[in-house]
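Here is the structure we will look at.
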Amino acid sequence: MKFYQLAFRYLYRKKSKTFCLLLVLLFINSMILSTYMILYAAEDSRIAMQEKMGSKVVLEVKESSQSMTENETQAIRNLDGVIYVNRLASSAVYPANFNPVTNSDSAEENNWKVTLLSYDDLERDSAFGDLRYRLMKGTMITEGSEKGAVVNGMLADANGLAIGDELKVGTETGNVISVKIIGVFSAGSERNQMDTLPAVNRIENQIFIDNGSYTELFDRVGYHKIAVYTKNPDQIDVLVQELEGFLGNRVEAAAADRLYRQLEVPLNRIERVLKLMLIFTLAAGGIITSLLLGMWMRSRKREMAVFISMGKRKTDIFMQVFMETAAVFCLSVCGACVMGSGMAGIIKKLLMEKNTAAFVSVSLQARDIGAMSLAGGCIAVLAVCISLLPILRTDPKDILSNMEG
């Protein structure tokens, strides 16, 4: 009779022992699976955080005459780890078909100008991003939006402007562009400004436009500030050094990843606890399974002696015991997977109760099952080897001499 036939017959004959081993392996595999599910979920959350948390390096020129060029911004885009570049520029321009809002009676040139601010994405790195300004009507300037301008509500009311109207501004050289109003904003602090403040410095006269329109207005375009977003916050210091080496001393580079660092702390704690828990689970699983199989083997010495007397090789005995454990182990894996789908929801609810782990999303995936099967399988093989080691190392004559009868 083949070793696998003997293995299944033994399992069928020793139902209580088989059931006991199944419960032990089911518990161990369930613990391993739960740990891996949370561990992989934490790692996924880290990757998602790195891409979505908005970690960036802010480059700002030290002098207005040393602005960053378009070629330099394109080279920055091509750096490793850079996922987005938000260019920021500003300049004082003349209104061509409207009047600035002012309470000053000054005849100075600045009292007849407005401030033009250009962005690739107005929702980031601006007063809108930190909620100092809020959009009242229309849409923001974003990478995928149409060209246009976002103006202050008081400026629009003073000049009878509305969304869809054309706004014209020009420079000292005579260049004039026309942009469509796509949004109206409010700061809430417009009336708190001093009356003596020139028009160019008033909030009402700040006009936000896209960089494409800004480029059309000026013969030579330069950016005084650039926000460089990275997908690798862990390497942000390396990116700062690379940017400083590329642009020289004419810019100040500052890393802005505080939010990521704050959220990374609890995530690191979760991972450390989970790895420690996994080590304890693997160690305890190996010890318990080895002890259980070891007790079984001591009670099976007579059986082993009979097999040897019948000419069975030690390899066949090992394969029989291995097949017995493997069959029970496979059943425990299937049971752990069934339990794991239910445990995923329970673990997620438990984690959601903790604010520090609210961003961890737990679900049963194929990689979790694979990791559990590999770890649990190693434990099972090791336990079989440990339990059979005394028998395999003993000379067959000694085993037969110890046989009763």
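Numbers here simply count residues along the sequence, with the first being 1. On a predicted model such as this, the values are computed, not experimentally measured, just so you know.
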Worksheet item: Can you check salt bridge (charged side-chain N to carboxylate O under 4.0 Å, His left out) on Glu70 and Arg220, steps first, answer last?
Response: CA-CA 10 Å; Glu70 183 61 40; Arg220 182 181 178 183; over 6 Å; no
[X] versus [Y]: any side-chain heavy-atom pair under 4.5 Å?
{"X": "Val114", "Y": "Val93", "value": "yes"}
{"X": "Leu59", "Y": "Ile76", "value": "yes"}
{"X": "Glu143", "Y": "Asp121", "value": "no"}
{"X": "Leu25", "Y": "Thr289", "value": "yes"}
{"X": "Ile226", "Y": "Leu88", "value": "no"}
{"X": "Arg87", "Y": "Lys225", "value": "no"}

Any chance [atom1] of [X] has more than 12 other-residue heavy atoms, nucleotides or ligands included, within less than 6.0 Å?
{"X": "Glu108", "atom1": "CD", "answer": "no"}
{"X": "Asn175", "atom1": "CG", "answer": "yes"}
{"X": "Lys168", "atom1": "NZ", "answer": "no"}
{"X": "Phe27", "atom1": "CZ", "answer": "no"}
{"X": "Asn78", "atom1": "CG", "answer": "yes"}
{"X": "Phe246", "atom1": "CZ", "answer": "yes"}
{"X": "Phe98", "atom1": "CZ", "answer": "yes"}

With a 3.5 Å cut-off and no angle check, do the side chains of [X] and [Y] form a donor-acceptor pair?
{"X": "Asn29", "Y": "Ser332", "value": "yes"}
{"X": "Asn192", "Y": "Ser189", "value": "no"}
{"X": "Tyr223", "Y": "Glu72", "value": "no"}
{"X": "Gln320", "Y": "Glu324", "value": "yes"}
{"X": "Asp125", "Y": "Asn86", "value": "yes"}
{"X": "Ser104", "Y": "Ser106", "value": "no"}

Item to complete: State which residues pass salt bridge (charged side-chain N to carboxylate O under 4.0 Å, His left out) with Glu63; sequence neighbours excluded, sorted by chain then number.
Response: none
Worksheet item: Hey, does the side chain of Ser387 reach the backbone of Ala383 with a donor-acceptor pair shorter than 3.5 angstrom?
Response: yes
Practice prompt. Report the relative orientation of the aromatic rings in Tyr214 and Phe218; use parallel for angles under 30°, tilted for 30 to 60°, perpendicular for over 60°.
Written response: tilted
Discussion item. A cation-pi test, strictly: NZ or CZ of Lys15 under 6.0 Å from the centre of the six-membered ring of Phe19 and no more than 45 degrees from its axis. Yes or no?
Written reply: no
Worksheet item: Tyr229 ring centre to Arg124 NZ or CZ under 6.0 Å, with the angle to the axis within 45°?
Response: yes
Do any side-chain atoms of residues 131-141 form donor-acceptor pairs under 3.5 angstrom with protein atoms, and if so which ones, sequence neighbours left out?
| from | atom 1 | to | atom 2 | distance (Å) |
| --- | --- | --- | --- | --- |
| Arg132 | NE | Asp130 | OD1 | 3.3 |
| Arg132 | NE | Asp130 | OD2 | 3.2 |
| Tyr133 | OH | Gln206 | OE1 | 2.8 |

Worksheet item: Where do Glu146 and Lys180 land on the salt bridge (charged side-chain N to carboxylate O under 4.0 Å, His left out) test, with the steps shown first?
Response: CA-CA 9 Å; Glu146 60 178 331; Lys180 184 175 70 173; 3.3 Å; yes
What side-chain donor-acceptor pairs closer than 3.5 Å can you find for residues 367-377, not counting sequence neighbours?
| from | atom 1 | to | atom 2 | distance (Å) |
| --- | --- | --- | --- | --- |
| Arg367 | NH1 | Asp44 | OD1 | 3.3 |
| Arg367 | NH2 | Asp44 | OD1 | 3.1 |
| Arg367 | NH2 | Asp44 | OD2 | 2.1 |
| Asp368 | OD2 | Gln365 | N | 3.0 |
| Ser373 | OG | Ile369 | O | 2.8 |

Fill in: Given Leu278, Thr281, Leu26, the one that forms side-chain contact (heavy atoms from CB on, under 4.5 Å) with Met31
Thr281
